[in-house]
Amino acid sequence: MSKRHDAVFDDVLKDLGEDAPKRDRSGARFLKRSNTMAEQASGERQEKVLRLVDPASCKMWEGHNRAYELLTEANCRDLIDGILSQGQQEFPAIVRRLPGGQGAEYEVICGARRHFAISWLRANNYPKFLYLVEERELTDEEAFRLADIENRDREDISDFERARDYARAVDLYYSGKQSLMAERLQVSAGWLSRYLQLARLDARVIAAFPTLRDVKELHARTLKPLMATDTGASAVLLEADRIAAEQASARAGQGAAVPVPEVMKRLKAAATPPKERKAADKVYRFHPEEKGVMVRKKGGRVQFEFDGTTSAKTLRSALDQFLAERDKG
């Protein structure tokens, strides 16, 4: 029993006088164990067993909502530095034990970045670091919901990673019923629908972005009406192929990557070709071979259009002809 508990025990007994029982450490320990068991039985107390393991003994769960291949030293640098500063991993990853014969001993449900950070440290002159895990028994659906709750508000998981995870889960765990999935996740049906829509975005469009992390739910929402027709979809996909080729060249060190705003600008422009201009109502020329001055009428307005190199004689002639015709009318 700790000194603090000893002091509490003495304080309780001090006013009982000579009849007070002598302090019985074994009895106090029994009382402490009894209280702990009672708290566990009532649900007021839960015991968790944490383990420090070699990260090589773990593999990512196939349903993990983070694309592990996108993790790098750069985008995990904050976590790596935090672990170095604290001297340990502060928060355990959630894992499930795997049956024997599968190579790895555990599969990671939550904690891919922590796994990457510890693995990176061990490979870069810090072999003392081990992966802190908490083992749980979870069904796949429970594992999916747990991972979603932990990562839903994290900015380091992209919209597309999340969307891809939801699209997989709706068929695996909810028989394709979006309303049931939304209820289980405690999100609105509309919110979930927008992410599932992103997951259905054509792979050729996805390839037009610099990385998967750059693809946002808003992008899919913006492009959906532009790709609603065969003509619009074909135009967007052809432009997406051109941009994807430029992105591939940039990744190979040839030229600069196309930034996201420019990607969206070009895709939208491809689906909305410029409107054909109305033909001129009249063309006035000083000489037959020149382009002349075009006149367009719209309501009560008259627009003169001419090239910047048009001579003053041509302009005066055009205006004189226009005024003469107007006076006759």
Side-chain angles (χ1 to χ4, degrees), residues 158-160 163 190-191 193-195 197-251 254-329:
S158 70
D159 282 4
F160 187 71
W191 183 90
S193 179
R194 289 194 294 272
Y195 276 91
Q197 176 180 295
L198 171 57
R200 293 190 290 268
L201 191 59
D202 196 290
R204 291 162 68 184
V205 175
I206 300 296
F209 287 81
T211 72
L212 289 180
R213 291 178 176 272
D214 294 308
V215 188
K216 305 295 183 184
E217 177 271 323
L218 177 61
H219 299 147
R221 205 179 341 146
T222 301
L223 293 173
K224 182 180 179 181
L226 302 180
M227 300 179 70
T229 65
D230 290 343
T231 301
S234 177
V236 168
L237 292 175
L238 285 174
E239 183 62 22
D241 289 342
R242 284 190 280 268
I243 299 172
E246 294 175 40
Q247 304 287 29
S249 295
R251 284 190 284 271
Q254 301 173 0
V258 183
V260 173
E262 182 65 19
V263 170
M264 288 301 295
K265 180 181 178 181
R266 287 174 58 176
L267 293 179
K268 288 190 287 186
T272 51
K275 296 180 180 179
E276 292 185 9
R277 298 200 65 191
K278 175 187 173 184
D281 295 305
K282 190 79 174 180
V283 179
Y284 298 107
R285 296 181 176 88
F286 187 72
H287 295 293
E289 66 272 14
E290 67 183 6
K291 186 176 180 181
V293 177
M294 292 175 283
V295 177
R296 291 185 175 87
K297 298 178 181 178
K298 185 176 183 181
R301 300 185 64 186
V302 178
Q303 177 182 342
F304 283 72
E305 184 176 321
F306 50 88
D307 191 273
T309 60
T310 304
S311 68
K313 287 183 179 180
T314 297
L315 292 177
R316 290 192 187 97
S317 174
L319 184 58
D320 289 342
Q321 293 179 66
F322 171 76
L323 293 174
E325 291 177 359
R326 191 184 67 168
D327 290 342
K328 288 180 181 178

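The structure displayed is predicted, hence computed values, not measured ones. Residues take their numbers from the sequence shown, with the count starting at 1.
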Measure the shortest side-chain to side-chain distance between [X] and [Y] over non-hydrogen atoms and say whether it is less than 4.5 angstrom.
| X | Y | value |
| --- | --- | --- |
| Val283 | Val293 | no |
| Thr222 | Lys268 | yes |
| Arg296 | Lys282 | no |

Could I get the full list of salt bridge (Lys or Arg N to Asp or Glu O under 4.0 Å) partners for Arg221, not counting sequence neighbours?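 Partners of Arg221 by the salt bridge (Lys or Arg N to Asp or Glu O under 4.0 Å) criterion, ordered by chain and then number, come out as Glu217.
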
Shortest non-hydrogen contact between [X] and [Y], atoms and distance:
| X | Y | value |
| --- | --- | --- |
| Glu239 | Ala270 | CB-CB, 3.7 Å |
| Ala233 | Met227 | CB-O, 3.7 Å |
| Met264 | Phe209 | SD-CZ, 3.9 Å |
| Ala271 | Gly232 | CB-O, 4.4 Å |
| Ala199 | Ala163 | CB-O, 3.4 Å |
| Lys216 | Arg213 | NZ-O, 3.6 Å |

May I ask you to decide if Phe306's main-chain N or O and Thr310's side chain share a donor-acceptor pair within less than 3.5 Å?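 Pair absent, no side-chain N/O of Thr310 close to backbone of Phe306.
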
Using atom types as modelled and distance alone, determine if a side-chain donor or acceptor of Ser317 lies under 3.5 Å from a backbone N or O of Lys313.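 Between the backbone of Lys313 and the side chain of Ser317 there is no qualifying donor-acceptor contact (under 3.5 Å).
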
Go through the structure and list residues passing side-chain hydrogen bond (donor to acceptor under 3.5 Å, both in side chains) with Arg194, not counting sequence neighbours.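 Arg194 satisfies side-chain hydrogen bond (donor to acceptor under 3.5 Å, both in side chains) with no other residue.
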
Only counting residues at least two apart or in another chain, list the ones meeting side-chain hydrogen bond (donor to acceptor under 3.5 Å, both in side chains) with Thr211.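 Listed in chain order: Asp214.
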
Are Glu246 and Arg266 within salt-bridge range, i.e. N to O under 4.0 Å?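 Yes, charged N to carboxylate O under 4.0 Å.
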
Under-4.0 Å salt bridge between Arg204 and Asp241: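 Answer for the salt bridge query: yes.
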
Is the centre of the Phe304 ring less than 6.0 Å from the centre of the Phe322 ring?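 Centroid distance Phe304-Phe322: below 6.0 Å, so yes.
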
Step-by-step side chain to side chain contact (heavy atoms under 4.5 Å, CB included) determination, Leu323 to Leu319: CA-CA 6 Å; Leu323 293 174; Leu319 184 58; 4.0 Å; yes

Identified side chain to side chain contact (heavy atoms under 4.5 Å, CB included) partner of His219 from the options Leu198, Val263, Asp159, Val260: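 Output: one option passes, namely Val260.
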
Should Arg301 and Lys297 be marked as a side chain to side chain contact (heavy atoms under 4.5 Å, CB included) after you check the CA-CA gap, both sets of side-chain angles, and the distance that decides it? CA-CA 6 Å; Arg301 300 185 64 186; Lys297 298 178 181 178; over 6 Å; no

Distance-only side-chain donor-acceptor flag, Thr314 / Ser311, under 3.5 Å: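 Yes, Ser311 and Thr314 have a side-chain donor paired with an acceptor closer than 3.5 Å.
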
Out of curiosity, Arg242 CZ to Leu237 CG, how far, rounded to the nearest 0.5 Å?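 Answer rounded to 0.5 Å: 11.0 Å.
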
If you apply the rule side chain to side chain contact (heavy atoms under 4.5 Å, CB included), what do you find for Ile243 with Leu267, and how did you get there? CA-CA 9 Å; Ile243 299 172; Leu267 293 179; 4.0 Å; yes

